[in-house]
Amino acid sequence: MHGRPRKAAKPEDEAASAAQAQELRALQSQLLSNHHNKIYTDEAQQLSAKLVQQNPESYTAWNYRKLVVQHNLAQSESDPDSLKSILDQELGLVESALKQNFKSYGAWHHRKWVLSKGHSVLDRELKLLKRFQQSDPRNFHAWNYRRFVAALLNRSEEEELDYTREMIEHNFSNYSAWHNRSVLLCNLMKKKSQGFFPKEKVLNDEYEHVHDAIFTDPDDQSGWFYYLWLLDQTVKTDAPLLVASWPAHESDVILSRNRRSDDSSFSPFDSFHSDSGTIPLILYFNQAVEGVNSSTITIESSFCTKDLNWKPLLQNNSQLSQVWVTHIKFPDVKPHSSEAYQLKISVGQSQGIISASGIHYSHPTQLAFKVCLRPIETEPATKKGGHRILWRDENFHMYQPQSQEPDEVVPIDQLIINDHEPTASNWRAETIANEIALFRELSELNCKIGKLTLARLLTAHDVILSPRTSKMAHSEEVLELYTDLIKLDPLHSQYYKDEHSLVLLQKVTSNRESLLNHCFSYKNLASSSIGNDICLRLSNLSLSRMGSIEKLLWVQMLDLSHNELHSIEGLEAMQLLSCLNLSNNKLGSLTALGPLRLLKSLEVLDISYNEIGSHTIDRTRYLCSTPLSHTEETSWNSDEIVTGGASVKDNWEAVLIFKSMSLTQLAIVGNAISGENFKSLLVKLVPTLEWLDGDKLH
Amino acid sequence: MGELASQKHVQFIVSVEKKKDSFESVVMEHIRMNGAYWGLTALDLLGKLHVVDVEEVVSWVLQCQDDSGGFGGNIGHDPHVLYTLSAVQVLALFDKLDVLDIEKVASYVAGLQNEDGSFSGDMWGEIDTRFSYIAISCLSLLHRLDKINVEKAVNYILSCKNHDGGFGCTPGAESHAGQIFCCVGALAITGSLHHIDKDLLGWWLCERQDNKTGGLNGRPEKLPDVCYSWWALSSLIMIDRVHWINKDKLIKFILDCQDIENGGISDRPDDAVDVYHTYFGVAGLSLLEYPGLKAIDPAYALPVDVVDRIILDR
């Protein structure tokens, strides 16, 4: 009962209502009886007409009416006039039912059904719609019907666009009209119809148009989303681009078969260990693409790299992914000798890499890097699990670059994509600059949408204008805007916090100096190991979400502890990660750990002091690959009782997540889930585990 | 803040069944199958499903089945996917899916898929993404998703995606929280959530929360309504953006819509209560982890234990 006041019924009302109910019930049962017995007499037809007018939601009655129409059409002479009169009568009936309830799905569909028979005067429909849309300009049934009629009438999209303008000018607080405008404009620009090309001119006009709405009433949401769409049209490049890779262009990678020993002549940032002599090759695009395979990516090298198997890094079976990985196996080296290989990767020389919207990758890119294989040492390799990683502050020391070329130390952002659209680029920069100036005014009025739009504009400005320098010139201002918004609009404070985290990470990763401030050497003084692991420490930053991962593909040891992360979405791209500290965050479920299943090098994981097991609602239940989303088969026998009374059925998420990992160390203490039963389940699920919550297992 | 008047709501839901002669129940007679699903799921979430007579319900549900395999909204009414899903959901609640000729029901639903991947609601051909969700959810509960072309079904849903990140009922139609639930739910069940721009859709959805009341609306510049505590909230959960709204304020809004004296929940405070809003209010509170309620699955709109039993424990 929408919008009907709650009140106790008066006795006389109740009596009237009972009488009404009795009449309606009689009509309904008579209709069902006529329907089942296929009775289409005049009397029966009139009864059904009466019923749909009294109760336009009665769908069986509408179905009966369709049978009536078919019956009458079959009975009538086939002259157009009598056909038309049968159909016109039906349209009249629908019209009066719609007057009773113009949100009735059944009535609107019945009208479409009648029209689809032909013979009706369509111009009348537009007049009828105009009346309906004047009394309720937001009725989505009417707008849908309008699109249907416009298509039947072959009305041009320009005409319909004018209609949206008319509606908006009458009252700009009409989201439905703005929506329809965005659909129509998009089609017209795509078709490059006359007057809608180049798109720059069209968008400039639209900016003016929506400014009127936003500046008249900044609290009215109608224009907000339209503006965001315009901004997106201005900033985004349709074509897929490669934005990052590991190994990076022009980098030197040191590959060792043994655990690396202390050898300061090499930059630890580029040293990578692999027992099998393979390195991952990661390609990170600006959007999800498909068609990454050994024919679209060619590799030149002195050894055989044919038929590489490219995998999308995604938590389901989709072949559409922003990040792709393959593994390159290097030839075996002789003991005590090292070998260097030059590799040249060509991305998109032949067509086949395509974005979700069907746009081809059209910026062929070359990556060249050198991989140096370290000699195999005679000492037996020690597994990392052998010595326990302790995430204590005293084990971390500010990283001091020792390389002669300090600029090359951290291999970030070496991939530069040339912008092939200089004019469009100028227009973009100019437009964004104008918009920034305008929204600065609105922002000063302590206006939510003013501040939020300004923050979005400044971020867009930094991203499109400085890909080469990687300097986020406005990050301080944007961070301040989000801090203001948290106070100004507390209802959505977590949204602004998340945005704040993303900007903060952009800032941290934007240049070598700031990134180096977060790089530490890990040395466990208590153990005999002499490693020179570099740990990126992004702890204690109040991060509520992760971002800028394309800048962090090189990271092998990552400390994200003491933040407010409830999700680690995107972390699956960090294929080199072997040690990860997520302790003291807000991870709420085991399925939130889904991205870790794709990190095949991960050995050390700390998820202690999170909220795993404290929530009844699992927010990543459908983002993680599980049988619930048909992205994974049920791979366990549900009757199986694992150990100590922990059944697989009750712990299917744990089976799913941990079974595919080869962890040697895990800390899970401080979560609601981490009882003794659960820990014995873990020991069983992860046979490689050597340390659990600081206890040595074998 | 008040508390959830669970006992009163149970009484209200049970009493609705007995007031068959009121004008409201006659007007709604043709959607009694939906009503049964709303009422019974609410009872289950409140931990009181046992107060109903299972055999009586199951026998009535079966009487609503048509020869085609589809279910009508009540005895004698035409079959339609809207009621077929409700019938399957009601039987699922009672763990009684085995009373069905599953192949027959699945064939009815699968037979409504069109060449472009969309679904009709019944033989008369109305097309809507609501029906895509219904078909996918229903076939998944019956373990018969293989009877349809899932890829085409997903592509049709994606063709209804809008620039604001939301979804409408047909291509080009305006985004609406109810429709978004259907499309996001269908994509969730088919493992296709990666097609959604979660940040864009998440922002649109979290802006449905009204500053004054704390309630959610279904489209920009519309009034808040308890039912969107399901449609918008479940969508936010499926894309992991539910923290972008204020939970406490929404809980308060739902509780404010209770009829404390006679039970039931309404669309807005002080409006007339009905079983539809009672269900969506309770389901919303379950999504908000309100204490004492069973957890509900955001995609199948059934209690989590029911979904896990059916999908995971074959």
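Both backbone and side-chain heavy atoms feed into the values below; hydrogens, waters and symmetry mates do not. Chain letters run A, B, ... following the sequence lines, proteins first, then strands; residues in each count from 1.
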Closer than 3.5 angstrom, by distance alone: can the side chain of His630(A) be matched with the main-chain N or O of Ile189(B) as a donor-acceptor pair?
yes
Structural part of Arg138(A) lying under 4.5 Å from a heavy atom of chain B
both
Engaged part of Leu628(A) at the chain B interface, taking heavy atoms whose separation is under 4.5 Å
both
Indicate the ring-plane relationship of Tyr495(A) and Trp244(B), choosing parallel, tilted or perpendicular according to the 30° and 60° boundaries.
perpendicular
Is the shortest distance from a Lys or Arg side-chain nitrogen in Arg4(A) or Asp274(B) to a carboxylate oxygen in the other one below 4.0 Å?
no
Decide if atom CD of Glu151(B) counts as having more than 12 heavy atoms of other residues, nucleotides or ligands within a radius under 6.0 Å.
no
With distance as the sole test, does Glu289(B) use its side chain to make a donor-acceptor pair with the main-chain N or O of Ile617(A) at under 3.5 Å?
yes
Contacting moiety of Leu27(A), where chain B heavy atoms sit under 4.5 Å
neither
Does a side-chain heavy-atom distance below 4.5 Å link Lys222(B) with Gln221(A)?
no
Between the side chain of Tyr59(A) and the main-chain N/O of Ile31(B), is any donor-acceptor distance below 3.5 Å?
no
Salt bridge or not for Arg621(A) and Asp308(B), using N-O below 4.0 Å?
yes
Select one option (side chain, backbone, both, neither) describing which atoms of Lys448(A) are under 4.5 Å from chain B's heavy atoms.
side chain
Under the 6.0 Å and 45° cation-pi test, does Arg219(B) pair with Trp143(A)?
no
Side-chain donor/acceptor of Asp164(B) to backbone N/O of Phe225(A), under 3.5 Å
no
Rounded to the nearest 0.5 Å, how far does CG of Asp78(B) lie from OG of Ser58(A)?
9.5 Å
Please examine the side chains of Leu236(B) and Arg619(A), heavy atoms only from C-beta on, and report whether any two atoms are closer than 4.5 Å.
no
Rounded distance (nearest 0.5 Å) linking atom OG1 of Thr60(A) with atom CG of Asp122(B)
9.0 Å
Which of residues 16-23 of chain A get closer than 4.5 angstrom to chain B, counting heavy atoms alone?
Ser17(A), Gln20(A), Ala21(A)
Contact origin within Asn187(A) toward chain B - heavy atom pairs under 4.5 Å
neither
Select one option (side chain, backbone, both, neither) describing which atoms of Asn262(B) are under 4.5 Å from chain A's heavy atoms.
neither
Tell me, side chain or backbone of Leu228(A) under 4.5 Å from chain B's heavy atoms, or both, or neither?
side chain
Which heavy atom of Gln28(A) sits nearest a heavy atom of Val26(B), and at what distance?
NE2-O, 3.3 Å
What part of Asp240(B) gets within 4.5 angstrom of chain A, counting heavy atoms only: side chain, backbone, both, or neither?
both
Interface moiety of Asp220(A) toward chain B, non-hydrogen atoms closer than 4.5 Å
both
Look up atom CH2 in Trp229(A) and atom CG in Leu200(B), then write down how far apart they are to the nearest 0.5 Å.
13.0 Å
Rounded to the nearest 0.5 angstrom, the CG-NE2 distance for Leu185(A) and His163(B) is 9.5 Å
Show, in sequence, the C-alpha distance, side-chain angles and deciding distance for Gln494(A) and Cys206(B), and conclude whether the side-chain contact (heavy atoms from CB on, under 4.5 Å) test is met.
CA-CA 10 Å; Gln494(A) 289 296 323; Cys206(B) 81; over 6 Å; no
Which word best sums up how the rings of Tyr622(A) and Tyr300(B) line up, parallel for under 30°, tilted for 30 to 60°, or perpendicular for over 60°?
tilted
Measuring heavy-atom distances to chain B, does Ser173(A) have an atom under 4.5 Å in its side chain, in its backbone, in both, or in neither?
side chain
Answer yes when Glu29(B) and Arg25(A) have at least one side-chain N-carboxylate O distance shorter than 4.0 Å, and no when they do not.
yes
Nearest non-hydrogen partners of Cys169(B) and Asn144(A), listed with the distance:
SG-ND2, 3.1 Å
Start with the C-alpha distance between Asn180(A) and Glu174(B), add both sets of side-chain angles, then the distance that settles side-chain contact (heavy atoms from CB on, under 4.5 Å), and finish with yes or no.
CA-CA 7 Å; Asn180(A) 214 28; Glu174(B) 182 183 348; over 6 Å; no
Between Ile239(B) and chain A, which part of the residue has a heavy atom less than 4.5 Å away: side chain, backbone, both or neither?
backbone
Within 6.0 angstrom of Asn101(A) CG, more than 12 heavy atoms from elsewhere:
yes
Would you compute the distance between atom NE2 of His109(A) and atom CD1 of Ile127(B) and round it to the nearest 0.5 angstrom?
8.0 Å
Turns out that what part of His492(A) lies under 4.5 Å from chain B's heavy atoms comes down to both
Chain A interface, residue from Asp297(B), Val150(B), Leu145(B), Leu82(B) that has the most non-hydrogen pairs under 4.5 Å:
Asp297(B)
Using non-hydrogen atoms only, which part of His615(A) is less than 4.5 Å away from chain B: side chain, backbone, both, or neither?
both
Could you walk me through whether Trp108(A) and Glu126(B) pass the side-chain contact (heavy atoms from CB on, under 4.5 Å) check?
CA-CA 10 Å; Trp108(A) 285 106; Glu126(B) 183 183 4; over 6 Å; no
Determine which residues belonging to residues 209-216 of chain B lie within contact range of chain A, meaning some heavy atom pair is under 4.5 Å apart, and list them by number or answer 'none'.
Gln209(B), Asp210(B), Asn211(B)
For Tyr226(A), is it the side chain, the backbone, both or neither that has a heavy atom under 4.5 Å from a heavy atom of chain B?
neither
Below 4.5 Å from any heavy atom of chain B, which atoms of Asn316(A) appear? Answer side chain, backbone, both or neither.
side chain
Give, as side chain, backbone, both or neither, the part of Leu320(A) having an atom under 4.5 angstrom from any heavy atom of chain B.
both
Tell me, do Asn174(A) and Glu221(B) make a side-chain contact under 4.5 Å, heavy atoms counted?
no
Counting N and O atoms only, with roles assigned by atom type, does the side chain of His77(B) sit under 3.5 Å from a partner on the main chain of Leu32(A), one being a donor and the other an acceptor?
no
Pair Glu261(B) + Arg6(A), salt bridge at N-O below 4.0 Å:
no
Contact class of Ile245(B) relative to chain A, heavy atoms under 4.5 angstrom
backbone
Kindly compute the distance separating NE2 (His243(B)) from NZ (Lys497(A)), expressed to the nearest 0.5 Å.
10.5 Å
If I measure from the heavy atoms of chain B, does Ser629(A) come under 4.5 Å with its side chain, its backbone, both, or neither?
both
Evaluate the ring planes of Trp204(B) and Tyr175(A), with Trp represented by its six-membered ring, and classify them as parallel (under 30°), tilted (30 to 60°) or perpendicular (over 60°).
tilted
Under-4.0 Å salt bridge between Arg241(B) and Glu569(A):
yes
Do you see a donor-acceptor pair shorter than 3.5 Å between the side chains of Ser318(A) and His194(B)?
yes
So which of Glu207(B), Lys198(B), His195(B), His176(B) has the largest heavy-atom pair count under 4.5 angstrom toward chain A?
Glu207(B)
